[in-house]
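One-based numbering, in listed order, for ligands and for the atoms of each.
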Amino acid sequence: MPEIRIPFFKPSIDAADVEAVTESLRSGWLTSGPNVKELERELAAYCGAGFVNAVNSCTAAMHLALRAWDIGPGDEVITTPYTFAATATVVIHTGATPVLVDVRDSDANIDPELIERAITPRTKVIIPVDFAGEPCQMDAIMDIARRHRLKVLSDAAHSVGSNYRDRPVGSIADATAFSFYATKNMTTGEGGALATNDEALSDRVRVLTLHGITRDGWNRYAAGGTWKYDIAEFGFKDNLTDLAAALGRKQLARLDHFNEQRAHVVQRYFANLRDEEHLTLPGFDEANHRAWHLFVVRVKNGQSPVHRDQVIEQLADRGIQTSVHFIPLHYFTAYEKTGRWKRGDFPVAERIFDGAISLPLFPDMTDEQVDEVCGALREILHP
Ligand SMILES: *Cc1c(COP(=O)(O)O)cnc(C)c1O
């Protein structure tokens, strides 16, 4: 393997991040405590939500929201195949059935018209995914949901810091799940959060997050706490540690800066690749002020002399790491085995996948690195 000259991703961790985690370690309070409470408060203020529950992943946040809405066997939940597996797997774990609909060619986000056609009397929830950071068509989606009395759970793993029109992601859907996984726009190593304006939802998620205990550990062990607690229902173990939250608070404070740095990289990619005839560049809506989690170009396999797979290989030979987002869900063995979907069912998602390459994108990426990636791409596409 050639040495990695340009990684696909590099987290931005500075001395203040290290100091905050160290301080948390020294405080003696390691599990969910004061930093979790503060992160929840700060993130709620940041994204314009009434309530935030910090948890240990975006996957957990989505699963807990579905559980708190009593989604289960017999229910249907609409999402797309063009997402990370967690989005649909959490639906399966509730006992409900994921109903997949195709995406829009322009931005790989769910097509509102196809949502409407997929609704049955069993439909309970829609999970739009803000692919690469571009917000979904939330006005249309919320309108469909209201007319059919459905809940909207936004998978905003890519879009923390994005605005849809002039509203922050987190303030629009009935519930919004964020990811603080290592490669996401802000990180706690592993972590996530659920944002909502529904206090009852947030309260129930809090109970389900920690074993169904109605009085959380923070209260139990804090001054004046008692040993008494009740298990109100069968819960999970999805709480975020205070160590992680200490990092999360520092990261959140720099999130807008990270997203500006990402946008700078993306602008340079656009300027550099605008005239590249063998690539389709990502579409986006100028009316949104969006975060860029991924920069996904599409090789026009039919007309390009080099297929997407070879482009990825040749970039790797030059030490340029890339990725592919996403392998459509119905291509995976576990999904295929359900017998619900077959290849060809989602022509747009499949076509996007065939050409997709996620180029390196991280806040500290230099102009020279962007230029090197673009130069390499051009050479490879014109052998
Ligand atoms: C990363 C990701 C998730 C899962 O996030 P975790 O915090 O790792 O659970 C969910 N959906 C999408 C679209 C993702 O990219």
Side-chain angles (χ1 to χ4, degrees), residues 8-9 11 36 39 43 52-67 77-94 98 100-101 103-104 107-110 125-136 141 152-162 169-170 173 175-195 205 209 236-241 244-245 247-248 251-252 255 262 282 290-296 322-332 335 349 352-353 356 358 361-362:
F8 172 64
F9 178 73
V36 168
L39 175 62
L43 184 58
V52 164
N53 294 66
V55 291
N56 60 16
S57 71
C58 177
T59 306
M62 293 191 288
H63 179 237
L64 289 163
L66 295 175
R67 290 278 182 167
V77 177
I78 297 174
T79 189
T80 85
Y82 212 70
T83 181
F84 182 60
T87 316
T89 304
V90 294
V91 175
I92 287 169
H93 286 318
T94 66
L100 304 181
V101 303
V103 294
R104 311 191 318 161
D107 55 14
N109 279 343
I110 197 164
V125 181
I126 306 165
I127 312 183
V129 182
D130 294 342
F131 180 74
E134 175 74 7
C136 290
I141 293 168
V152 176
L153 169 60
S154 166
D155 180 342
H158 297 183
S159 58
V160 66
S162 285
V169 168
T176 301
F178 295 119
S179 174
F180 309 140
Y181 179 69
T183 63
K184 297 289 159 64
N185 291 22
M186 61 171 274
T187 187
T188 60
E190 298 281 358
L194 190 76
V205 165
T209 296
F236 303 92
K237 181 62 165 81
D238 290 337
N239 56 308
L240 188 70
T241 69
L247 176 56
Q251 291 268 307
L252 178 60
L255 177 61
R262 285 170 172 277
R290 62 167 286 187
W292 286 88
H293 173 57
L294 300 170
F295 190 75
V296 180
T322 58
S323 188
V324 172
H325 297 85
F326 284 105
I327 301 170
L329 295 187
H330 62 301
Y331 284 21
F332 291 120
Y335 282 85
I352 295 174
F353 161 72
S358 303
L361 174 58
F362 48 91

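Under the 3.5 Å distance criterion, the side-chain polar atoms of Ser358 are left unmatched by any main-chain donor or acceptor of Thr322. Here the side chain of Tyr82 pairs a donor or acceptor atom with the backbone of His325 at under 3.5 angstrom.
For the pair Tyr181 and Ser57, the minimum side-chain heavy-atom distance is 4.5 Å or more. Taking the side chain as every heavy atom from C-beta outward, Leu100 and Thr79 approach each other to under 4.5 Å.
Note: an N/O pair closer than 3.5 Å links Cys58 and ligand 1 by distance alone. For a threshold of 3.5 Å applied to N or O pairs, the pair formed by Thr59 and ligand 1 contains at least one separation below that value.
In this structure, Ala61 has no heavy atom closer than 4.0 Å to ligand 1. Heavy-atom distances between His325 and ligand 1 stay at or above 4.0 Å for every pair.
With rounding to the nearest 0.5 angstrom, the CG atom of Asn56 is 5.0 Å from the CG atom of Asp238. Of the inter-residue distances, the one linking Leu294 atom CG with Glu134 atom CD reads 12.5 Å to the nearest 0.5 angstrom.
Listed by atom number, the atoms of ligand 1 under 4.0 Å from Thr83 heavy atoms are 13 (C). Less than 4.0 angstrom separates some heavy atom of Thr87 from each of these atoms of ligand 1: 11 (N). Against a heavy-atom cut-off of under 4.0 Å, Val129 is close to the following atoms of ligand 1: 13 (C). Close approach of ligand 1 to Gly191 is summarised as follows: ligand atoms under 4.0 Å from at least one heavy atom of the residue are 7 (O).
Protein heavy atom in closest approach to atom 12 (C) of ligand 1: Ala157 CB, 3.4 Å. Looking only at protein heavy atoms, the nearest one to atom 10 (C) of ligand 1 is Asp155 OD2, 3.6 Å. Ranking protein heavy atoms by distance to atom 7 (O) of ligand 1, first place goes to Ser179 OG, 2.7 Å. Residue, atom and distance of the protein heavy atom nearest to atom 15 (O) of ligand 1 are His158 NE2, 2.7 Å. Among protein heavy atoms, the minimum distance from atom 1 (C) of ligand 1 is reached at Lys184 NZ, 1.6 Å.
For the ring-ring contact (aromatic ring centres under 6.0 Å, His included) test with His158, the passing option among Trp292, Phe326, Phe178 is Phe326; the others fail.
For Tyr335 and Thr89, the side-chain atoms include at least one donor-acceptor pair closer than 3.5 Å. Side-chain contact, His293 with Asn185: a donor N or O sits under 3.5 Å from an acceptor N or O.
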